Amino acid sequence: MSDAQNQSEFRPFETHLDLENTGKFLKEALSGAEDGELFLERRRSETLVLDDGRVKTASYDAAEGFGLRAVKGEVSGYAHATEISESAMRRASETARLAIGDGGGVMAPPPAGTNKVLYTDADPIAGAEFPVKIETLREIDAFARDLDKRVVQVSASIAASCQEVVILRPEGGLVSDIRPMTRVNVSVIVEENGRRESGSAGGGGRVALDGLLDPADWQGKAREALRVALVNLEAEPAPAGVMDIVLGPGWPGILLHEAIGHGLEGDFNRKGSSAFAGLMGKQVAAKGVTVLDDGTIPDRRGSITIDDEGTPSGKNVLIEDGVLVGYMQDRQNARLMGVAPTGNGRRESYAHVPMPRMTNTYMLGGDTDPGDIVAGLKDGIWAVGFGGGQVDITNGKFVFSCTEAYRVKNGKVGAPVKGATLIGDGASALQRIQALGNDMALDPGMGNCGKAGQWVPVGVGQPTVRIGGLTVGGAAT
């Protein structure tokens, strides 16, 4: 396929299929179903990595295909193929129809339409020439090394992708979306007196690549990566025990996402496996705590104009002033629970079924100065950066590792600490929130969320938050 063909808009009903014939075929295939759709996708992605002065990765990938779904009750029949053709769809329909059996279902109303556009439709991969990208990576490497003589290794990456989706429903509705994604990341390793530590920074969103290739942008990322590495160079072993915690704004919202957000997805609650199941209308968090999932924020990593079932994304309140008021829903779970879809039906690709997933999940800010929140910490940890974490949906128990944290005693910020992990459960943590800062921020655009083997881009956010009585696992007692 030529570059011109790669960059032309994905129009499967002009290049592969006849729309009228496909519509008739889909209607017949889903006769007797309660829901379903034909999901067509083309995705292109490019990743460039410069590691220690050498081009380590220069990859380009392109794929396209379709998925055909038939839904009846709690059962979903799904079949997919990389070949977009009528013959392939006929074979797929035979598999998908197994979920329908003898039929008898009534087709659910179609999604509402939207004219809203949340991000550019410009091709992010073609936004800069290949030599320009490589030269930018080399400039990042040289700049980071010039910042501090203790820098011994630099890794920089540029990633861009474009996902194009077209969704056809049996009643004839046709919607499409062009979803760009870009990101630049910088990691450094510093060494002093035989000790090595690392730091990283990065981000992006559903934006064109040119802004991220501007030195004004990537130089800030390089400085931040170095700052984190130098902080860790001075870090002491973290303490262990039960203590109060202050979480910084922005990316630390990943704890909110994992420990609480997954528990508010509709399928887990319909099945009764979430720690929040059966608590609708109940006080599940401290007064003043409001949590939203919002896929409508322009240009954000987790935003989607429409979800992967064709429903427009929404700004959905999940917890309001501490009270549980909503779950995130796809069409199937919403119908089974007797509520409206919320625009959270997402899938990794045409090879996957949609399910309730988060978009941009965040906690609203309060009215307290962040400095006062830290000053109110008598004996605990101020956690500014987070790495990986794990959560058990059934009980909300989580374990998160800190990448940047500080010891605080009597309101005074002390030495940075290394090896701190935060242990608790989402339901209890929500109830123990003591203060909310007036500095709510979203993350810089770097989150990916996994569920049932599927990965989708997401956003997180929160203000500075103080939580009482979390367990800190550390390297010292």
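Numbers here simply count residues along the sequence, with the first being 1. Please read all numbers here as calculations on a predicted model, not as lab measurements.
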Has [X] got a side-chain atom pairing as donor or acceptor with [Y]'s backbone, closer than 3.5 angstrom?
{"X": "Asp141", "Y": "Ala156", "value": "no"}
{"X": "Asn316", "Y": "Met328", "value": "no"}
{"X": "Thr15", "Y": "Arg11", "value": "yes"}
{"X": "Thr361", "Y": "His257", "value": "no"}
{"X": "Asp177", "Y": "Val165", "value": "no"}
{"X": "Ser155", "Y": "Ser187", "value": "no"}
{"X": "Glu41", "Y": "Tyr350", "value": "yes"}
{"X": "Lys133", "Y": "Ile125", "value": "yes"}
{"X": "Thr342", "Y": "Gln329", "value": "yes"}
{"X": "Glu191", "Y": "Arg196", "value": "no"}

Could you check whether any side-chain heavy atom of [X] comes within less than 4.5 Å of a side-chain heavy atom of [Y], counting everything from C-beta outward?
{"X": "Arg43", "Y": "Arg179", "result": "no"}
{"X": "Arg346", "Y": "Val458", "result": "yes"}
{"X": "Met363", "Y": "Pro463", "result": "yes"}
{"X": "Tyr362", "Y": "Leu364", "result": "yes"}
{"X": "Leu256", "Y": "Val465", "result": "no"}
{"X": "Cys449", "Y": "His262", "result": "yes"}
{"X": "Ser303", "Y": "Asn360", "result": "yes"}
{"X": "Tyr327", "Y": "Asn333", "result": "no"}

If you look at every heavy atom in [X] and [Y], which pair is closest and at what distance?
{"X": "Asp307", "Y": "Gly345", "result": "OD2-N, 2.9 Å"}
{"X": "Ala144", "Y": "Val154", "result": "CB-CG2, 3.8 Å"}
{"X": "Ala429", "Y": "Leu470", "result": "CB-CD2, 4.4 Å"}
{"X": "Ala122", "Y": "Pro180", "result": "O-CB, 4.2 Å"}
{"X": "Leu213", "Y": "Ala128", "result": "CD1-CB, 3.6 Å"}
{"X": "Gly295", "Y": "Ser313", "result": "O-OG, 3.2 Å"}

Rounded to the nearest 0.5 Å, what separates atom [atom1] in [X] from atom [atom2] in [Y]?
{"X": "Ile467", "Y": "Leu255", "atom1": "CD1", "atom2": "CG", "result": "6.5 Å"}
{"X": "Leu226", "Y": "Ser198", "atom1": "CG", "atom2": "OG", "result": "12.0 Å"}
{"X": "Glu164", "Y": "Cys162", "atom1": "CD", "atom2": "SG", "result": "4.5 Å"}
{"X": "Asn269", "Y": "Ser274", "atom1": "CG", "atom2": "OG", "result": "4.0 Å"}
{"X": "Leu247", "Y": "Phe400", "atom1": "CG", "atom2": "CZ", "result": "10.0 Å"}
{"X": "Glu64", "Y": "Ile84", "atom1": "CD", "atom2": "CD1", "result": "4.5 Å"}

Apply side-chain hydrogen bond (donor to acceptor under 3.5 Å, both in side chains) to residues Asn185 and Ser157 and explain how you reach the verdict. CA-CA 5 Å; Asn185 194 77; Ser157 64; 4.7 Å; no

Could you tell me how the ring of Trp382 sits relative to the ring of Tyr406: parallel (under 30°), tilted (30 to 60°) or perpendicular (over 60°)?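 Geometry flag for Tyr406 against Trp382: tilted rings.
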
Scan for salt bridge (Lys or Arg N to Asp or Glu O under 4.0 Å) pairs involving residues 295-306, sequence neighbours excluded, and state none if there are none.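 Those involving residues 295-306 are Arg300-Asp443.
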
In terms of heavy-atom contacts, does NZ of Lys451 have more than 12 from other residues, nucleotides or ligands at under 6.0 Å?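 Yes, NZ of Lys451 has more than 12 neighbouring heavy atoms, counting only those of other groups under 6.0 Å.
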
Heavy atoms from other residues, nucleotides or ligands near CG of Asp367 exceed 12 (cutoff 6.0 Å):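 No, because the 6.0 Å sphere around CG of Asp367 holds 12 heavy atoms or fewer from other groups.
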
Apply the test side chain to side chain contact (heavy atoms under 4.5 Å, CB included) to residues Leu430 and Phe276: give CA-CA distance (whole Å), side-chain angles for both, the deciding distance (0.1 Å), then the verdict. CA-CA 12 Å; Leu430 281 175; Phe276 295 95; 3.9 Å; yes

Criterion side chain to side chain contact (heavy atoms under 4.5 Å, CB included) on Leu264 and Ile319, from CA distance to verdict: CA-CA 9 Å; Leu264 299 181; Ile319 297 173; 4.2 Å; yes

N-O pairing of [X] and [Y] below 4.0 Å:
{"X": "Glu135", "Y": "Arg138", "result": "no"}
{"X": "Lys418", "Y": "Glu197", "result": "yes"}
{"X": "Arg223", "Y": "Asp148", "result": "no"}
{"X": "Glu83", "Y": "Arg91", "result": "yes"}
{"X": "Asp308", "Y": "Arg357", "result": "no"}

Set out, in order, the CA-CA distance, both residues' side-chain angles and the distance that settles side chain to side chain contact (heavy atoms under 4.5 Å, CB included) for Gln332 and Asp35, then state yes or no. CA-CA 8 Å; Gln332 182 180 25; Asp35 208 353; 6.0 Å; no

Stepwise, does the side-chain hydrogen bond (donor to acceptor under 3.5 Å, both in side chains) test hold for Ser85 with Ser87? CA-CA 5 Å; Ser85 68; Ser87 60; 3.1 Å; yes

For a salt bridge (Lys or Arg N to Asp or Glu O under 4.0 Å) check, start with the C-alpha distance between Glu192 and Arg195, then their side-chain angles and the critical distance, and finish with the verdict. CA-CA 5 Å; Glu192 186 175 45; Arg195 177 175 174 176; over 6 Å; no

Output, in order, the C-alpha distance, side-chain angles, deciding distance and verdict of side chain to side chain contact (heavy atoms under 4.5 Å, CB included) for Arg407 and Ile381. CA-CA 5 Å; Arg407 190 76 165 98; Ile381 297 292; 4.0 Å; yes

Partner of Pro249 under side-chain contact (heavy atoms from CB on, under 4.5 Å), picked from Val384, Leu442, Asp439, is Asp439

